[in-house]
Amino acid sequence: MSTRVTVHQVHHDGAEDVVVAPRGRHEGSVYTGTVDGAVLRVRPDGSVEQVGSTGGRPLGLEIDPEGRLLVCDAHRGLLRMDPDTGAVERLLAEVDGTAMVFTNNAAIGSDGTTWFSDSSRHYGIERWKDDFVQDTRSGRLLSLAPDGTVTTVLDGLAFANGVALSADESFVVVAETRARTLVRRWLTGDRAGTRDLLAGDLPGYPDNIARGSDGLIWVSIASPVDPVVERLGSAPMWARKAVTRIPERLQPKPAHTCRVQAYDDEGRLVHDLDLDTPDFHMVTGVREHEGRVWLGSLHEPAVAVVDL
């Protein structure tokens, strides 16, 4: 489609996720985290300032009811950052006595519960391709209650990634990147405790997901389906491990695309934006806010925005 994509340079590599401040002094500002640990604020006028640093690798971002930033740091776990001072509080770094190695994305419930993903028990973000190609299925969806109780909600996920809640919070959704599905875990009602799919057989590998101000669940499609990766899924483990040992230039790479989708709570596809832009690719973060769709990327030193 010909929808215009506006790119805002942030001058730090890997602006992986995006979240928009809905109210308060920084209303309309967009936050992102980059590979050097910086958390940045892109103001409505386009200017960029550093809020602080996590000292790790910030990925998924959320804003809690008090206006503070919840940061999923791939290296340091769940953090909370004051957007005015940059002060960082570590909320959770381990589960059952074992350190998390790939904290990725989150959603915050109205009761204060944080639902978050841990992508792999085996490989951190620097070796995400190892987990992806080997298909370890060691990802988890967890919850952190306001009283500090940690619960493993779903286990054995194929690279657990983006997290979102339904509008009425009757279910939580987690993106299974390797399986190309959106897994739904029911929290209330007759189906409470069961799981099914909100959507399956996605046209590519989903990354972060987020509920927009329009009530839809927006899904970033980081890359279209890779036939080589799919074939490797049925190969012996020794062959899958061998692929990740060959030189980087010969390994499978995400295609140069820019695509996001949006689903309603019944799993119906409402938007499919397959954007043609040479200046932005590998969308890993998405956030709709008042008719504008903000995009983040694991590799780009920029965030982008599309007007619906």
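Nothing here was measured: the structure is a model prediction, and the numbers come from that model.
Side-chain atoms of Asn161 and Asn105 form no donor-acceptor pair, as typed in the model, at a separation below 3.5 Å. For the residue pair Asp207 / Thr284, no side-chain donor-acceptor distance below 3.5 Å is found, with atom types taken as modelled. No hydrogens or angles considered: a donor-acceptor pair under 3.5 Å links the side chains of Ser119 and Asn104.
Test Asp96, Asp155, Asp131 against Arg121 for salt bridge (Lys or Arg N to Asp or Glu O under 4.0 Å) and you get one pass: Asp155.
Between Arg259 and Pro203 there is a side-chain heavy-atom pair separated by less than 4.5 Å. Considering only heavy atoms from C-beta on, Ile209 stays 4.5 Å or farther from Val286 through its side chain. Between Arg287 and Tyr31 there is no side-chain heavy-atom pair separated by less than 4.5 Å.
At a threshold of 4.0 Å, the pair Glu66-Arg68 counts as salt-bridged, since one of the basic side-chain nitrogens sits closer than that to a carboxylate oxygen. Note on Arg25 versus Asp84: salt bridge recorded, some NZ/NE/NH1/NH2 to OD/OE distance being below 4.0 Å. Here Asp130 pairs with Arg127 in a salt bridge; the nearest charged N to carboxylate O distance falls below 4.0 Å.
In this structure, the ring of Trp294 has its center less than 6.0 angstrom from the ring center of His8.
Using the six-membered ring where Trp is involved, Phe159 and Phe132 have ring planes that are perpendicular, over 60° apart on the 30 and 60° scheme.
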### Task
Could you give me the CA-CA distance, side-chain angles and deciding distance for Ser213 and Glu288, then say whether side chain to side chain donor-acceptor pair (under 3.5 Å) is met?
CA-CA 6 Å; Ser213 65; Glu288 185 277 338; 2.9 Å; yes
